[in-house]
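Working notes, structure below.
What you are looking at is a predicted structure, and each value in this text was computed from that prediction instead of being measured.
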Amino acid sequence: MRELTTRWSDLADRIDAGTPAHRDRTVDALRAIAILGVVLGHWLVTALTTADGDLSSTSPLAHMSALAPVSWVFQTLAVFFLVGGHVAAQGYESARGRGDSYGKWVGQRLSRLFRPVAAVLVLWTVTAAGMLLGGVATGTVQTLLKLVLSPLWFLLVFAALTAATPLVARLSPLWPLTVVALVDIWRFALCGPGWIGWINVAAGWLVPYTLGAAWSRGAFTRRTPAALLLGGGIAATAALILWGGYPASMVGVPGAAVSNLNPPTLAAVAFGLAQCGLALLLRQPLARVMSRPRAWAKVALVNLSAMTVFLWHQTAMMAVTALGLLVSTDLPGLHTVPDSPAWIATRLLWLPVFAAALAVCWAAFRTYEQGGSRPKARSPQGTSGVPGRPSRIVASSGPAAGKATKAAPPAPAASADSTPIAPIGPIDPITLTADGALDGLDALGAADSPVPTAKEDVHA
């Protein structure tokens, strides 16, 4: 165990040393928090039951309305769009400075998003066909496919906003916010057609996206604007729920007449403003945490596989649920109706099992996101100012060829700085590279805005 801890510390130190000192690590931390919030939210508020003989989808929110505040914690998409707008606007300006064309820039950005999608679609096309041929009920197959494919709307909206960055980067968030409000007035107060609400799929998420673009231009160097976003967003959300008739849950609830998320309502957008304000206010505390090599390495590695985690987390949950059907009785918290506190307690016990299944999916499909290219040699400085050296740390199932320590001399160039070590994670074999993590973060975006400082807060 001690040797494993030492080797993890070595990997963390190499990632830390190889990170440019000017990189704003809080941007990557917020992205990781947003992705993990979505994953945990889906695992907690989505249930597959066998109550009607087939697998059907339901939610504890449909049976226990008092759990609505859970959705306030785990509905973190606004933060993801905030970070996406920040990184895209910053990256596009950097690309223009280098003389890169729009086509080259947007192609690189979108390929990172859509490479891993192909693997999901192929696997589930084959799986669905196999289930139907094997006699699985059509309703069950439809339920599973809906859970897998419904999150992909997020990618389509995010890709569209990314492609439109040159047009929307300097757009005031007040414009899309006004569109959301007018659509809701038409839809609810004036009894307009229901389809009009889908305009808010673009307008609603454009609000945090343009906030992120404004952030990249220095709009939130002081804390006051972020505090106003937080306070105003909370007040507006509370008013809309208490007196505007909007649902308290910030995610869709099966059977509910109105969903705050599909499509986004004014309440969801107001709640997103509060989330964005809180995220921006947390930058300085996050910067302190991210200065610790171990914490930063975890965030770097989550970001390296962010899309893989997002795309496969529902598959992991469904795989565990399907394997549980081999047991002759319904398993509590897995197949039973989520209508009691006991279900919540047992569901929490299943989360590590879902995580283990997701780790299997990660090991199998992460290459579609990370690509197969060899990491580039890097020589920037980390936060400590210590020059980083290129490193390729390989975890294999075989015995280690040599003991890896921080004092070990650099490997010869011909060996690509390889240091075989024992497995770091539960999946074996895997390959973890310090350079690969940093190159993967670069593919997600530069995130090179200045790190928040205490001086900025003093002058707020």
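Counting non-hydrogen atoms of other residues, nucleotides and ligands closer than 6.0 Å to CH2 of Trp124 gives a total above 12.
Ion pairing of Glu369 with Arg366 is absent here, as no side-chain N (NZ or NE/NH1/NH2) approaches a carboxylate O to less than 4.0 Å.
Contact of the Trp215 side chain with the Val27 side chain is registered, since non-hydrogen atoms from C-beta on lie closer than 4.5 Å.
Panel note: side chain His86, backbone Leu82; no donor-acceptor pair is recorded below 3.5 Å. Not one N or O on the side chain of Trp312 forms a donor-acceptor pair closer than 3.5 Å with the backbone of Val120. Put simply, the side chain of Trp43 gets close to the backbone of His313: a donor and an acceptor are under 3.5 Å apart. Formation of a donor-acceptor pair under 3.5 Å by the Ser59 side chain with backbone atoms of Val45 is found in this model. A side-chain donor-acceptor contact under 3.5 Å links Ser101 to the backbone of Lys104.
The aromatic rings of Phe154 and Phe81 sit perpendicular, their planes meeting at an angle over 60°, well past the 30° parallel limit. Using cut-offs of 30° and 60° for the angle between ring planes, the Tyr92 and Tyr102 rings count as perpendicular.
Defined by atom type and a distance below 3.5 Å, a donor-acceptor pair is present between the side-chain atoms of Asn260 and Thr265. Under 3.5 Å, the side chains of Thr237 and Tyr246 contain no donor-acceptor pair of N or O atoms.
When the options Leu156, Val157, Asn262, Leu206 are evaluated for a side-chain contact (heavy atoms from CB on, under 4.5 Å) with Val201, the one that passes is Val157.
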Give the C-alpha distance, both sets of side-chain angles, the deciding distance and a yes or no for salt bridge (Lys or Arg N to Asp or Glu O under 4.0 Å) between Asp28 and Arg31. CA-CA 5 Å; Asp28 303 295; Arg31 182 194 286 118; 3.0 Å; yes

